[in-house]
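Please read the structure below before turning to the comments.
These numbers come from the heavy atoms of this one structure, side chains and all, not from hydrogens, waters or symmetry mates.
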Amino acid sequence: MTYQIGQIVEGKITGIQPYGAFVSLDRNTSGLIHISEISDGYVRDINSFLNVGDTVRVKIIDFDEKAHQARLSLKALHRTRPRVRHRTVNVRKASLPVMNIGFSSIAERLPQWIRDAQKQK
């Protein structure tokens, strides 16, 4: 069978590792659901979501035709809210204040700090 990126297919879980679940799509084609593609939330243990032998519907997010291997996603099918891209700050517009710190400023202030500490005893 010919597979394409974006296609939704069914497969059977054939193995589970800490980093993902292996899926058999057909006799000649396998795939991997990486742990990051199982859920939008944090996944501590893949076994909480999947078991060997389960039949799953997944979306193909990448496909290697030569190796007959697919990168698969469960969360792409179950996403209920759009992903929000966080706005990045333009470094040229927002600048940090100039601070005069470093080892020389520490060395200059150290004697006073020692005197202050001795007074507090």
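In summary, of the residues considered (Glu37, Lys59, His34), a side chain to side chain donor-acceptor pair (under 3.5 Å) with Ser73 occurs for Glu37 alone.
Under a hydrophobic clustering in which Ile, Leu, Val, Met, Phe, Trp and Tyr are joined whenever their side-chain heavy atoms come within less than 4.5 Å, directly or via other members, Ile61 and Val43 fall into different clusters. Transitive grouping of hydrophobic side chains (ILVMFWY, heavy atoms separated by less than 4.5 Å) keeps Leu50 and Phe22 in distinct clusters. Under the 4.5 Å side-chain contact rule for hydrophobic residues, Ile5 and Leu77 do not share a cluster. At a threshold of 4.5 Å between side-chain heavy atoms, the hydrophobic network of Ile, Leu, Val, Met, Phe, Trp and Tyr places Val9 and Ile13 in one connected group. Residues Leu32 and Leu25 do not share a hydrophobic cluster, clusters being chains of Ile/Leu/Val/Met/Phe/Trp/Tyr side chains in contact below 4.5 Å.
Rounding to the nearest 0.5 angstrom, the gap separating the OG atom in Ser24 from the NZ atom in Lys12 is 9.0 Å. A distance of 12.0 Å separates CD1 of Ile35 from CG of Leu74, quoted to the nearest 0.5 Å. Rounded to the nearest 0.5 angstrom, Ser39 OG and Lys75 NZ are separated by 8.0 Å. The CD atom of Glu65 sits 8.5 Å away from the CD atom of Gln4 when rounded to the nearest 0.5 Å. In this structure, CZ on Arg44 lies 11.0 Å from CZ on Phe49, to the nearest 0.5 angstrom. Between the CZ atom in Arg57 and the CG atom in Leu72 there is a gap of 13.0 Å [rounded to 0.5 Å].
Side chain of Asp26 to main chain of Thr29: a donor-acceptor pair is present (N/O by atom type, distance under 3.5 Å, no hydrogens or angles).
Minimum heavy-atom separation, Ile46 to Gln17: CD1-O, 3.2 Å. Nearest heavy-atom pair, Asn47 versus Asn51, reported as atom, atom and distance to 0.1 Å: O-OD1, 3.8 Å. Taking each heavy atom of Ala70 and Ile60 in turn, the nearest pair found is CB-CG2, 4.4 Å.
Using a 30° and 60° split on the angle between ring planes, Phe63 and Tyr3 fall in the tilted class, from 30° to 60°.
When only modelled atom types and interatomic distance are considered, Asp116 and Gln112 share a side-chain donor-acceptor pair under 3.5 Å.
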Practice problem: Check step by step if side chain to side chain donor-acceptor pair (under 3.5 Å) holds for Gln118 and Arg115. | Solution: CA-CA 5 Å; Gln118 288 173 342; Arg115 285 191 297 275; over 6 Å; no
